[in-house]
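Below is one structure, written out as structure tokens; comments come after it.
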Amino acid sequence: MFPLISVTEILASDVSVEASAPSQVAVGERFRISFSVNTRPSEFSPPAFENFRLISGPSQSSSSSVQIINGNITQTHSYTYTYVLEATNEGSFTIGSATVKYNNREYTSNPVSISVTEGQARQSQQQRPAQQHRQQDQAISQDDIFIRAYASNNSPFLGEQVIVNYRIYTRVNVAQYSFEKIPGFQGFWAEELGVSDRQARSKVIDGVQYRVADIRKTAVFPQRSGELTIEPLELECVVQIPSRRRRGSMIDEFFGGSFFGQYDSKNIVIKSNPVKLNVRPLPTQNRPAAFTGLVGDFDINATLSPEELNVNDASNLVVTITGRGNMRMVEKPKLQLPKNMDAFDPNISDNIRKTSSGISGSREFDYLLIPRTGGEYKIPAIRFAYFNPEKERYITKETQEFNIKVEGVSAISDASLSRHHQEGRLITDDVMFIYTKPVILNQKGEMFYNSMYFFILIIIPLTLLVVLIIYRRRHLKLQSNQALLKNKKANKVAKKRLKSAKYYLGEKKQELFYDEVSRALWGYISDKLNISLSELNR
């Protein structure tokens, strides 16, 4: 006889939401408020943090534990949403309840009352001398941890790509950090880049050894000349500082303290230096007519297929621009098409790469060309101009020329073709070609009324109506018998849940795996035996 493993789940009535925050803070002090839920909610809605300034959040964390005792699987989950607030006004305030949704039901947390005092928060007891001494030990200077912002070029040209790298220097342990304030890039086009290497490394500055790591990189493109300033980046860090506890044994004191050192966590906010750029205007001398404002290093290529076709058939002209710079500012090239050839607006596709070294990639323009008369056409080379900041000069590149051979004769006059070409419209938008195919006419006296198709179209809706009525009656009868309905759907529902459990097992999501297995087992037994889940859990 096989043992039956039961799984204990969180019932809807057991869902709880708890809010926690300090009961007393000072004006200007930052504190955390957390909302803990004992199951995974489908939705979470925070309260309105009136009389407080929202600094950051929510930061989400989760924990779970699984116990198997005598075949019973007990799962415990906890999901926490944490916000960082700042007290702005003195007085007593109440933060309302947060709302979560679970199984289409709403649950609320307890409200939190906070007393905001003037100046530093009052303590319930006076500080002892040892505590004051420990706080002095916990003081962190600006030389212990700081951020530096570096620009790859402090004197770029207008529109030139500049990489701004934010690097943290520390000689204290940083448990975690979050971005308090992202700098504004007024006067720039900005694109966030990925940091390929966040691994900390050692570096000695003025005889002091620091751990250094890159935390953020941004590619900026100045949009106006002159002096532009990038605001500082603010970072909130949780640092760990060795704390002095009560005196240990004589052996511990002799060897410099206990082996099991303890740490205190402290929240600090640090900011980087502002970055100032002296943006140079682009030279006006020798500026080509094809220049559209693109700055960087680029190349252009074009292909045409097919080069031999019939009148009114389509050919694809694909123009690809690749390079390094602001690829999103690449405009479609201007074509100089021969007479009696129409072109549609191109389909544009991008392949833009963002790496720690900057933005590069390609932009492709796919033109559809349609010749309206036969003969040989010549498409001139496409010109493309840009400014190279390294060489400090304009560069013009062009594609090859293309020759198209078109066979056939146009169905309308050359004068009409010329007129439509000058007006810039497609011929099919105005004059349609003469219809030359044979026209099939019905014989005189043949009518749809009283024909075979006429009666078939009448019988089909009546038959479908009868079938629908029979199906509807069976469906209502089955719906009235909920026990029979659940019994028939038990296998299907259980297989669907076991399939989901197999997927979660492959993804190594143990919490969701156990949830789906539990629902499959209990749901199958409940549906087959027509016993509610509450009675099975007794």
Side-chain angles (χ1 to χ4, degrees), residues 19-36 44 46-63 79-89 93 95 98 112 114 116 119-121 134-135 137-150 164-185 190 192-195 198-200 210-218 229-243 263-275:
S20 60
S23 59
Q24 184 175 344
V25 296
V27 174
E29 182 180 353
R30 296 180 178 181
F31 62 94
R32 298 177 183 272
I33 180 171
S34 301
F35 302 92
S36 299
F44 174 80
F49 300 110
E50 298 179 354
N51 302 307
F52 296 95
R53 187 166 72 94
L54 178 62
I55 302 300
S56 64
S59 59
Q60 301 182 20
S61 62
S62 63
S63 62
Y79 297 87
T80 305
Y81 302 83
T82 304
Y83 294 83
V84 178
L85 306 179
E86 180 181 345
T88 56
N89 300 316
F93 306 102
I95 298 178
V112 178
I114 299 178
V116 181
Q120 296 183 351
R134 183 172 73 247
Q135 287 184 353
D137 292 341
Q138 292 179 350
I140 299 176
S141 67
Q142 296 180 353
D143 296 332
D144 291 330
I145 180 171
F146 55 88
I147 304 175
R148 290 290 179 266
Y150 302 94
V164 181
N165 184 18
Y166 295 92
R167 187 171 293 168
I168 186 171
Y169 296 79
T170 177
R171 55 183 182 180
V172 296
N173 294 329
V174 180
Q176 64 181 22
Y177 67 85
S178 60
F179 293 103
E180 181 80 1
K181 180 182 177 182
I182 304 300
F185 298 98
E192 293 301 326
L193 305 177
V195 179
R198 296 182 183 270
Q199 188 69 29
Y210 289 90
R211 292 191 301 275
V212 184
D214 296 334
I215 58 175
R216 192 180 185 91
K217 284 188 177 182
T218 306
T229 302
I230 300 176
E231 299 175 356
L233 170 72
E234 293 187 13
L235 196 71
E236 182 181 14
C237 301
V238 180
V239 299
Q240 293 179 338
I241 308 171
S243 62
Y263 292 86
D264 286 338
S265 296
K266 185 175 182 180
N267 291 357
I268 61 173
V269 176
I270 56 178
K271 62 171 59 178
S272 69
N273 55 295
V275 178

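The side-chain heavy atoms of Ile33 and Phe52, taken from C-beta on, include no pair separated by under 4.5 Å. Looking only at side-chain heavy atoms (C-beta outward), Gln240 and Val172 stay at 4.5 Å or farther from each other. A heavy-atom distance below 4.5 Å is found between the side chains of Val164 and Tyr166. Looking only at side-chain heavy atoms (C-beta outward), Arg216 and Ile168 stay at 4.5 Å or farther from each other.
Remark: side-chain polar atoms of Thr88 are paired, donor with acceptor, to backbone N or O of Asn51 under 3.5 angstrom. Checking side-chain atoms of Asn165 against main-chain N and O of Lys217 turns up no donor-acceptor pair under 3.5 Å. The closest donor-acceptor contact from the side chain of Tyr210 to the backbone of Asp143 lies under 3.5 Å.
Checked against side-chain contact (heavy atoms from CB on, under 4.5 Å), Glu50 has the following partners two or more places apart in sequence or in another chain: Ala48.
Across all their heavy atoms, Phe93 and Asn89 have their closest contact at CE1-O, 3.3 Å.
No close placement of the Phe35 and Tyr81 rings is indicated, their centers lying 6.0 Å or farther apart.
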May I have the step-by-step check of side chain to side chain contact (heavy atoms under 4.5 Å, CB included) for Lys271 and Ile147, ending in yes or no?
CA-CA 6 Å; Lys271 62 171 59 178; Ile147 304 175; over 6 Å; no
Given the rule in the side chain to side chain contact (heavy atoms under 4.5 Å, CB included) test, do Val238 and Val174 qualify, once you have shown the distances and angles that lead to the verdict?
CA-CA 6 Å; Val238 180; Val174 180; over 6 Å; no
Could you check Arg30 against Asn267 for side chain to side chain contact (heavy atoms under 4.5 Å, CB included), going step by step and ending with a plain yes or no?
CA-CA 9 Å; Arg30 296 180 178 181; Asn267 291 357; over 6 Å; no
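Residue Thr218 holds its OG1 atom at 8.5 Å from CG of Leu233, rounded to the nearest 0.5 Å. Here the CZ atom belonging to Phe179 is positioned 12.5 Å from the CD atom belonging to Glu236, to the nearest 0.5 angstrom.
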